[in-house]
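Written below as structure tokens is the structure these notes are about.
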There are 2 protein chains.
Amino acid sequence: MLQIDLASNVPVYEQIANGLRAELVAGHFGPGDKLPTVRTLAIDLGVHHNTVAQAYRQLAGEGWLELKRHRGAVIQERRLRPNRPDVPERFTRPLRELLAKALAEGLSRKWLIRELMASAHRLQEGGL
Amino acid sequence: MLQIDLASNVPVYEQIANGLRAELVAGHFGPGDKLPTVRTLAIDLGVHHNTVAQAYRQLAGEGWLELKRHRGAVIQERRLRPNRPDVPERFTRPLRELLAKALAEGLSRKWLIRELMASAHRLQEGGL
DNA sequence: TTATTTGTACACCAATGACAGACAAACAGC
DNA sequence: GCTGTTTGTCTGTCATTGGTGTACAAATAA
């Protein structure tokens, strides 16, 4: 499921947080569900448990998890956060840059278009 | 045009490279055109000229620019690079995570869908 | 009680990002 | 030609950060 790319320049703890957030947004977990312990997930991914803990803390800070000692990480019912004003900009620009990188690496416009449409369609279905 | 977010965790030199790459892919520059000197762009952005130089070097390494001392940075006709096999994965996953972040920050599905469709449309027109 | 589990705190080390400053070569003006 | 300026590069420095090692405290299990 989660996959870590040690060669990437994006830090491992953030890769973990990003991956888990995607699962959470997609609704693969419900409130009350538990995530694996930091140590088991750490072994699973081949990283240090503190690295996983950092990812958990980040998600907890975003309101996704409740972290109680020895109780594990429990998914929380999440209230919507106040919507920062620059959020659109924080989506549009990265998307544009991501597309630029993809084109620069040789991906075809046609393939990218299909991928974008597929994503839009998944969103429309309430998924991710 | 280019805008730098010092608070971001993505390094400044990479922000510059990303932004310029997007311009290049979009076709806002043609072969033979010149980019501003490292120092002028640096002053323009409020960073050190070495930081800009690093961004230029990265783009030169990708085949976009030719860097000659005292000649400035000249846009090159770019030959396609060999297509790495994991490229699709390197687009799909980041897109998914970007969408997850956006949803998590409160952007509506409707808005995101519109944005995706708009991007797809721009791609279809040959733009970015 | 005792051993185990589990998230946390703290220190350490390597890597990296941004900057400062100096340098060498090409150019502009004369 | 000569001289001063321009311009990308090189080297070193400093602070920050990512990942890990290790110990700890509290809850649980036997």
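In what follows, chains carry the letters A, B, and so on, assigned in the order in which the sequence lines appear, proteins first and then strands, with residues in each chain numbered from 1. A quick note: this is a predicted structure, and the numbers were derived from the prediction, not measured.
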For this session: Extract, from 5' to 3' on DNA chain C, the first and final nucleotides lying under 4.0 angstrom from some heavy atom of chain B.
Result: C:dG17 to C:dC27
For this session: Report yes if some heavy atom in the side chain of A:Tyr56 is under 4.5 Å from a heavy atom in the side chain of A:Leu67; otherwise report no.
Result: yes
Exercise. With sequence neighbours left out, what residues match B:Lys34 under side-chain contact (heavy atoms from CB on, under 4.5 Å)?
Worked result: B:Val74
Exercise. In whole angstroms, how far is the P atom of D:dG18 from the CD1 atom of A:Ile16?
Worked result: 13 Å
For this session: Would you please name every residue forming a side-chain contact (heavy atoms from CB on, under 4.5 Å) with B:Gln76, sequence neighbours left out?
Result: B:Glu66
Seminar exercise, completed: With sequence neighbours left out, the residues meeting side-chain contact (heavy atoms from CB on, under 4.5 Å) with A:Arg39 are A:Thr37, A:His49
Problem set entry | Pairing residues for A:Arg90 by the side-chain hydrogen bond (donor to acceptor under 3.5 Å, both in side chains) criterion, not counting sequence neighbours | B:Glu105
Heteroatom pairs (N/O) under 3.5 angstrom, protein to nucleotides 3-9 of chain D:
| from | atom 1 | to | atom 2 | distance (Å) |
| --- | --- | --- | --- | --- |
| D:dT7 | O2 | B:His70 | NE2 | 2.9 |
| D:dG8 | OP2 | B:Val38 | N | 2.9 |
| D:dG8 | N7 | B:Arg39 | NH1 | 2.5 |
| D:dG8 | O6 | B:Arg39 | NH2 | 2.8 |
| D:dG8 | N2 | B:Arg69 | NH2 | 3.1 |
| D:dT9 | O4' | B:Arg69 | NH2 | 2.9 |
| D:dT9 | O4 | B:His49 | NE2 | 3.4 |

Show me the donor-acceptor pairs within less than 3.5 Å that the side chains of residues 114-128 of chain A make with the rest of the protein, sequence neighbours left out.
| from | atom 1 | to | atom 2 | distance (Å) |
| --- | --- | --- | --- | --- |
| A:Ser119 | OG | A:Arg122 | NH2 | 3.3 |
| A:Arg122 | NE | A:Leu128 | O | 3.3 |

Problem set entry | Those residues that, when tested against A:Arg69, pass side-chain hydrogen bond (donor to acceptor under 3.5 Å, both in side chains) (two or more places apart) | none
Seminar exercise, completed: Applying side-chain contact (heavy atoms from CB on, under 4.5 Å) to A:Asp5 and not counting sequence neighbours gives A:Ala7, A:Ser8, A:Gln15
For this session: Can you sort out which residues in residues 2-10 of chain A have a heavy atom within less than 4.0 Å of DNA chain C? Ascending by number, please.
Result: none
For this session: Just grab all the salt bridge (Lys or Arg N to Asp or Glu O under 4.0 Å) pairs involving residues 6-32 of chain B, residues at least two apart or on different chains.
Result: A:Arg96-B:Glu23, B:Arg21-B:Glu62
Seminar exercise, completed: For B:His70, the side-chain hydrogen bond (donor to acceptor under 3.5 Å, both in side chains) test, sequence neighbours excluded, returns none
For this session: Write down the distance between CD1 (A:Ile43) and P (D:dG19), rounded to a whole number of angstrom.
Result: 18 Å
